[in-house]
Structures are given as structure tokens and as C-alpha cells.
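Whatever order the structure lists them in is the order used to number ligands and atoms, beginning at 1.
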Amino acid sequence: MITVRTASELTAALEPHRQEGVSFVPTMGALHDGHVSLVRAASTNPGVVVASVFVNPTQFAPGEDFERYPRNEGRDAILLAENGCDILFAPEMDVIYPPGFATSVTVDPRLTAILCGSVRGESHFAGVSTVVARLFGLVNPRWAYFGEKDWQQVAVIRAMTADIFPSVEIKTGRTIRDTDGLALSSRNAYLKDEERALAATIPQCLSAISNATAAGERNPHVLVDIGTAILDAAGLKPEYLEIRNGRTLRNDEEIDHDSRVFIAVQIGSTRLIDNASLVDGHQDIDETSHPSSSTASPASTANAAATVR
Ligand code: AMP
């Protein structure tokens, strides 16, 4: 694997592979098995795999964790090289945002003003779609990989890509979870021990809602109440806990095969998000396991990752 930092180094590294195609995994670094699963999926394509590591300031609101966001390029580079990445693109700020850069890409507010957009402000998804557009412009990928853990982000990027980069194919990877079901996130590193234990309430809440759906409950308000009770019992208050259509992100009054539950919870100073399918949340027990869990007991992994998808 090589590391490139400038637009011209990137272009030169990609040039010989253009014919076969470029697979792209954008990240903010502090990589974990969720990122790794996307890189591994990308490496099954022909051509070359590029991963970017860039902590994008424009998607953080003032007062959020931009400064303290974990950064460890050396470790990231090792993980990427071990898992099929060919090119690490690790740009400095002025490569992504050269002096005078003044463009912002905004997507349909029906996708961006709700859920995380309503909590973090509409500039959050403008920051995300602008940096992804900028990165797509530099990398010019044929395939780009994003994680279902950030389901709303995928919806926003799909919409942006369809309008501006129709030749890019968006691929998604399922959420990779720790053994107790908590979705892996670079932000989990912020959690103190007791906060980390409490965070397992999040997948428990999603599983309870999914289980109640499987048992026949079809009223979204009742389902939300079931989840809220579980959070309450743990002393947690969600920023949002909502059931929406996974394709349109519209509110769901009728549960169907597209219905998903979306949650954001602040635990201490750490903001965590997750989501799960309501209807087939049950069927994915083994597939939610940790990708490098070959050393972990399959039984414990399956058990703990439970029914959340
Ligand atoms: P980030 O570095 O947090 O911006 O994430 C980079 C990519 O990895 C995004 O497409 C995320 O959705 C994805 N990702 C983050 N966490 C997970 C996870 N636990 N499972 C699968 N993909 C993930």
C-alpha cells in the first residue's frame, strides 16, 4: 500500500488502474472493524482500492468533538494495508479545501433536516455531502462504500450521488457490532468503562423494538414507547428514537418491510447513533458478528449481537 497526500499524487497513483476501476472507502480514520469490513468488500472488486482518512471539520458543529476526534494514521495505515487497501489518501486540510473554496452541496431537506440533521443542525449533512462530493471529484471512483450504521448519511449520499455523480455506484456494508451488540464507532473510544456498559442499552432497545414487531406489534407509537421504557430504565434519554421508512426516511405510520428504527443517545459527552431493520432484524444473528472475531467464541458473538441489524 502507498500513502498519498496531494491531488496530483493521487491522480498519478490511480492513473494505471483507471481502466479496471477504482473502489473508494471514505473515512475519518481511527479505524475499526466496521471500516475494515468496507475495505474488504471493496477489495473484491477488480482494480484498485483507495481509502481516505480525513477528519472533515465542516460536518462538526461548533462545540462538537472535531478537535478531540481520535487520530492515529500509523495504526490506520497498518489496518488498511492488512485488509486489501492499495492506496491511502491522507490529505491535509488545504488539499480538500484549497484557499478560496466556497462551495457547499446541500441535499433535499426531507433527508437532511430530520434525525441527525435536526440535532446537529443542517450544516452537518451539507458538510458531509460537500466533502464526499469533493472526494469523489478527486478520486473519481466507480464504486464507493458506506456503512449502514450511518443509514441517514447513506440516504443523503445516495441522493447527492444520483444528482451529481451518476456514474458512481454506492455500495453499503452492514453494521459491524461489538460482542454486546454495540455498533462499532470511532467515538466508542471516548466512553469510560461505566458508560461503555450503559451503551449496550442502545442495541437492547433496538432489539426490543424489533422483537415486538416480530411478535405482531404494528403501531409505531407503541414500538417507540417500548424502546423508551428500556432507555428510561437505564437512565438514558434519547436525542431521538423514531421509526421511519428506510428508503424515504419519512415517518412511518404503517410498519412494512422498509421500516427502520433510528436512535441517537448522548452518553456522558459521547453521542452515539444506531439503527435497525424492524422487520428482518431477527434473521441476521450470525452475520452481525465481528469480522475479526475468529478468535472470539462464535456462540458469544451470535448471542450478544442478538437480533439487531
Ligand atoms: P467514519 O470514519 O465514522 O466517517 O466512517 C467511515 C465509514 O465507515 C462510513 O461509511 C461509516 O458508515 C462506516 N462505518 C462506521 N462504523 C461502522 C460500523 N460499525 N459498521 C459498518 N460500517 C461502519
| field | Salt-bridge criterion met for R271 and E239 (N-O under 4.0 Å) | value |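 Yes, R271 and E239 are salt-bridged.
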| query | Are K149 and D274 within salt-bridge range, i.e. N to O under 4.0 Å? | reply |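 Judged by the 4.0 Å cut-off on N to carboxylate O distance, K149 and D274 do not form a salt bridge.
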| said: Does the Lys NZ or Arg CZ of R244 fall within the cation-pi geometry relative to F262 - under 6.0 Å from the ring centre and within 45° of the axis? | reply: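 Because its charged atom misses either the 6.0 Å distance or the 45° angle limit, R244 does not stack over F262.
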| query | Judged by non-hydrogen atoms, does R177 sit under 4.0 Å from ligand 1? | reply |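 No.
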| query | Among the heavy atoms of H32, does any lie under 4.0 Å from an atom of ligand 1? | reply |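 Within the 4.0 Å threshold, so yes.
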Can an N or O of [X] be found at a distance shorter than 3.5 Å from an N or O of ligand 1?
X	result
T27	no
P26	no
D150	yes
G173	no
I176	yes
A183	no

| said: Just so I know, are the side chains of N56 and T130 near enough to count as touching, which here means a heavy-atom distance under 4.5 Å? | reply: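 Contact flag for N56/T130 side chains = no.
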| Hey, which atoms in ligand 1 end up nearer than 4.0 Å to a heavy atom of R174? |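 Once the distances to R174 are compared, the set is 20 (N), 21 (C).
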| request: Carefully, step by step, assess R196 and D178 under the rule salt bridge (charged side-chain N to carboxylate O under 4.0 Å, His left out). | output: CA-CA 11 Å; R196 174 62 189 78; D178 214 332; 3.3 Å; yes
| message | Can a donor-acceptor pair be found, under 3.5 Å and without considering hydrogens, that links the side chain of N72 to the backbone of A30? | response |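 No, because the side chain of N72 does not come within donor-acceptor range (under 3.5 Å) of the backbone of A30.
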